[in-house]
Every structure is written in structure tokens, then in C-alpha cells.
Asker: 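Below you will find the structure I want to go over with you.
In each ligand, atom 1 is the first atom listed, and ligand 1 is the first ligand listed.
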Amino acid sequence: MDTDYWIAADKEHCWHPFTRQSEWADSEPLVLVDGEGVWLTDSEGRKYIDGNASIWTNIHGHKHPVINEAIKAQLDKVAHTSYLGFSNPRASELAEKLCGYFAKDTLNRVFFSDDGSTAVECAVKMAIQYRFQTGAPERTEFIAFDQAYHGDTMGAASLGGVGAFFDRFKKFGFPVTHLSGLGELITLNKDQIAKTAAVIIEPLVQGVNQIRPWPEGMLAEIRRWCDEHQVHLILDEVMTGFGRTGTMFACQREQVVPDFLCLAKGLTGGYLPLAATMVQSQVYDAFLGDADRAFYYGHSYTANQLGCAAALANLSIFDQEQTLLKLPEKVELLKGLLADLADRHPMIYEVRQCGMVVGVELRGANGKAFDVSPRVGEKICLLARDHGLLTRAILDTIVLLPPLSITADEIRQMCEALGSTLTDWTKKNLPSH
Ligand SMILES: *Cc1c(COP(=O)(O)O)cnc(C)c1O
């Protein structure tokens with residue numbers, strides 16, 4: 001087995017997410033075979049910094065001994081057992097641990113599922129069923145935001161605001177109104193509010209919208225508005241959860257507690273697919289009583305024991321390694337280095353940063369956005385591989401979202417890699433005389 005074989009089998013049989021497969025067939029994919037800390041190694045032995053934390057999942061680095069050991073120990077007991085009609089030790093411990101991050105009597109109930117989309121899907125179905133069971137069956141619509149991303153299953157995708165992803169499925173989705181921001185929310189008319197079950201938002205920063213932070217204080221304002229109008233607040237912290245923005249959860253920055261909190265990506269430290277939808281007891285209580293009030297929803301791998309063991313280990317590392325305490329210094333270092341880069345490279349139009357979540361938007365030297373078709377961002381990320389950096393662009397915004405365990409030295413290497421990539425690009429694309 002070698003690189004040529006793996007690539008040939010991939011091109012013959014595999015279908016990749018969000019991928020134009022006909023272009024993939026002509027590309028030279030990297031085959032990633034090993035990882036340690038923030039480093040990934042391909043099948044030819046080349047090493048790269050994992051600049052987007054393996055699509056925003058990894059927290060404490062690859063091959064972390066604590067998570068590896070926890071998974072192995074669990075594996076020696078049992079890998080998976082049904083959560084339908086049965087309990088399991090790791091899920092109990094994990095649910096208690098997650099609730100412990102929030103004030104007592106707030107988010108104190110956890111529904112497990114598999115990934116970010118399903119965490120959102122659960123919240124949305126719960127939010128609707130809640131209304132049927134509390135005498136407000138007319139409240140079945142949702143408010144979401146332009147350019148939002150909440151996942152790809154039908155329910156979650158209908159909340160999304162990226163036309164290219166969902167327009168062709170629109171008529172099959174939930175009734176959702178997309179707003180540009182707080183201003184449009186607070187001026188919604190009464191009729192619309194009366195039909196609304198919940199508002200959903202990615203707190204502090206929209207990831208897929210080219211890493212775009214929300215104005216400070218907006219989240220707390222939305223919480224106040226929701227309370228005033230008996231509308232539930234669903235926070236999608238699938239990307240922002242687990243320290244990415246500096247606090248354990250982004251909502252803590254504005255002392256906001258949502259009615260539903262959706263967690264996934266970083267929950268297991270980037271090891272295994274596992275998600276959680278946390279709810280307040282006021283929501284949960286509406287599902288008690290008569291049998292037909294039950295939440296008829298579940299997946300075969302709900303509360304997978306290996307996943308829960310990985311998540312517990314992931315959370316324990318935050319305590320052992322004081323991950324959050326070490327972050328401010330890293331965030332500041334990254335900010336300074338990126339400001340230097342922006343000074344040196346006229347291509348950098350804007351750097352948007354929220355904790356360890358960064359978008360570096362590139363534009364032409366005249367400040368005008370590049371045409372879409374040459375896909376400059378994508379090509380720059382391909383070129384970055386030659387400089388030892390793996391990441392993806394969203395349009396022409398280069399995402400830097402490394403594992404939180406990245407060291408000061410590695411932050412410097414990551415920024416240097418981006419800098420030399422831009423220099424390289426500029427040389428290659430200088431107009432010839
Ligand atoms: C990634 C993401 C999702 C979807 O999660 P999956 O695990 O890919 O299904 C939902 N919301 C946000 C904010 C995300 O970043």
C-alpha cells in the first residue's frame with residue numbers, strides 16, 4: 001500500500017464533502033497518515049502545521065497521550081452500547097461535567113447526537129415540539145442570520161444563510177427568516193414574532209461567513225429581546241465552543257445563557273464524532289408527562305462510549321494544562337504577527353480575529369475583491385502546502401484556526417508560512433513586462 005494506490009482508490013471510489021469531484025480527479029490530494037501536536041504528516045513524510053485544526057475540531061493537538069489513553073482504556077471495556085433504553089458510565093459523567101460549566105438550574109440537561117448538524121437538528125425539532133406541548137402551536141418559525149452556517153442536514157441547512165448551499169432545497173426546509181443583524185431583529189413586527197419559536201445564532205463570530213465577528217454586546221441584546229418576546233435562543237457553538245474564542249464557551253463572554261446550546265466539533269478534542277444539545281429545565285419539563293410528549297429522536301451511535309471517553313479526557317486537559325489561562329498570550333502574539341504580515345503584504349485587506357479564530361481576507365492591491373472564478377484563496381492554500389501550512393480558504397479569506405495547544409514558536413512558524421506563501425504568490429503573479 002502506498003500513496004499512488006490510496007489516491008487511485010480515492011479517485012475511483014470516494015466522494016468528498018463540498019468538493020467539485022471532476023476537479024478532484026485532476027488534483028494531487030495529500031494523504032494524511034500521522035499527527036502529533038499541531039503537526040500532520042502526509043504519506044510522503046512531509047510535515048505541515050494543522051492550521052485549521054482538522055476542520056475546526058482539534059483542541060489539544062493530535063496524538064495527545066491523555067485522550068489516546070482514555071480511548072484505549074474505554075476500548076478495553078466496550079466501544080459502543082445502545083443508549084436507547086440503557087445508560088452508560090461515560091455519558092453520565094460527561095453530561096454532569098458539561099452541565100457543571102453553567103450555573104445550576106440553567107443548562108442542566110444534555111441530549112447526545114453525532115455532529116454539529118445533528119446537534120442543531122435536535123434543537124430545532126425540540127424547539128418546535130416544545131411549542132406544540134406548551135399551547136403555542138402557531139410558533140413554528142425561526143429567525144436566523146444572513147450568511148449563517150448551522151450544518152448540512154435538512155433542518156440545520158434550512159437555517160443556514162449561504163444561498164449556494166441551500167437555495168435548491170429551500171422549498172423542503174423550515175420556515176426561516178434571515179436577518180442582517182440586531183437592528184432588523186428589534187424592529188420585527190408583532191405578527192412575525194408571534195409565529196417565532198426561536199432565534200438561532202453563532203455567538204460572537206460567524207465562521208463560514210469568512211470569520212466575521214458580531215458587534216460586541218449584540219449577544220446580550222438578543223438574549224434580552226428573546227426574553228421580552230418569549231422566543232427561545234438557540235446558540236450554535238459548534239465552532240466557538242471549547243475555548244476557541246478565549247472562554248470555554250463564547251456565550252460566557254457576554255454572560256448569556258441560551259435555552260439551547262449546540263456543541264460538537266471540539267467536544268472530543270477533534271478525535272471522534274460526538275455532539276451535545278444542552279437545554280434548560282424549562283424546555284426539558286415540557287417533554288415530561290404523557291407518553292406522547294416524548295422526544296422521538298435518536299441515532300444508533302447516540303452517546304457512543306468511546307466518544308464520551310474522549311470528550312471527558314478532552315475536558316480534563318483544560319484543567320491539567322490550564323489551556324484557557326495560556327490563551328490570552330497566544331491570542332496577542334498571533335494578533336501582533338498578523339498585523340506585521342498585513343503591513344508587509346498589500347494583498348492582506350483585513351485580518352478578523354476572535355480569540356484563536358482568524359480570517360485573513362485577501363484582495364487585489366487596489367483594495368478590490370478578486371474575481372470569484374480564479375479562486376485565489378483556494379490557490380494560495382494549495383501553495384501554502386509548499387511552505388508547511390495546511391488550511392482552507394473561504395472565498396478569499398484564509399482561515400487560521402489552529403489547535404489551542406499551539407506553542408508561541410509554532411504560531412510564529414504558522415505566520416511565517418503564510419507570509420512566505422504570499423511572497424511566493426506575489427512573485428509568481430507579478431505582471432510580466
Ligand atoms: C461545522 C459547523 C456545523 C456543522 O457541524 P458538522 O459536525 O459539520 O455537522 C454547525 N454549525 C457551525 C457553527 C459549524 O461551524
Side-chain angles (χ1 to χ4, degrees), residues 15-19 52-59 111-125 127 142 144-162 164-166 169 173-174 176 178 198-214 219 222 233-245 249-251 258 260-278 297 299 301-302 304 307 310-311 314 352 354-359 391-395 397 399-404:
W15 191 347
H16 291 259
F18 286 92
T19 300
N52 80 345
S54 294
I55 202 69
W56 310 358
T57 61
N58 196 285
I59 302 280
F111 190 94
F112 289 110
S113 63
D114 305 341
D115 42 35
S117 306
T118 59
V120 170
E121 198 82 20
C122 288
V124 163
K125 290 182 85 174
F142 292 86
F145 291 89
D146 293 341
Q147 306 301 320
Y149 180 75
H150 297 294
D152 296 325
T153 56
M154 279 300 291
S158 48
L159 301 167
V162 183
F165 298 166
F166 195 64
F169 301 108
F174 285 119
V176 179
H178 287 97
V199 172
I200 182 164
I201 187 168
E202 301 153 80
L204 299 194
V205 52
Q206 286 186 317
V208 170
N209 186 16
Q210 297 172 273
I211 312 293
R212 209 167 292 278
W214 288 116
L219 189 61
I222 293 178
L233 176 60
I234 304 174
L235 292 188
D236 177 351
E237 291 229 27
V238 172
M239 183 275 278
T240 55
F242 306 102
R244 285 286 173 217
T245 70
F249 301 102
C251 61
F260 300 83
L261 178 65
C262 305
L263 304 172
K265 289 192 172 105
L267 174 58
T268 61
Y271 274 63
L272 288 163
L274 181 73
T277 306
M278 299 183 70
Y297 185 104
H299 295 288
Y301 283 98
T302 295
N304 173 262
N314 172 46
R352 294 183 286 270
C354 181
M356 290 297 269
V357 176
V358 174
T391 190
R392 277 181 73 85
I394 302 169
L395 301 177
T397 295
V399 175
L400 293 179
L401 202 154
L404 304 184

Asker: Assign the ring pair Phe169 / Phe166 to parallel, tilted or perpendicular, where the plane angle (0 to 90°) is split at 30° and 60°.
Answerer: tilted
Asker: Please output the residues near ligand 1 using a strict heavy-atom distance under 4.0 Å, listed in chain and residue-number order.
Answerer: Trp56, Asp115, Gly116, Ser117, Tyr149, His150, Gly151, Glu202, Asp236, Val238, Met239, Lys265
Asker: Restricting to side chain to side chain donor-acceptor pair (under 3.5 Å), what partner residues turn up for Asn52, sequence neighbours left out?
Answerer: none
Asker: What residues form a side chain to side chain donor-acceptor pair (under 3.5 Å) with Asp114, not counting sequence neighbours?
Answerer: none
Asker: Would you say Ile211 and Val205 make side-chain contact, with heavy atoms under 4.5 Å?
Answerer: yes
Asker: Among residues at least two apart in sequence or on other chains, which ones pass side chain to side chain donor-acceptor pair (under 3.5 Å) with Thr397?
Answerer: Gln210, Arg352
Asker: Verify the distance criterion only: is there a donor paired with an acceptor across the side chains of Glu237 and Thr240 at less than 3.5 Å?
Answerer: yes
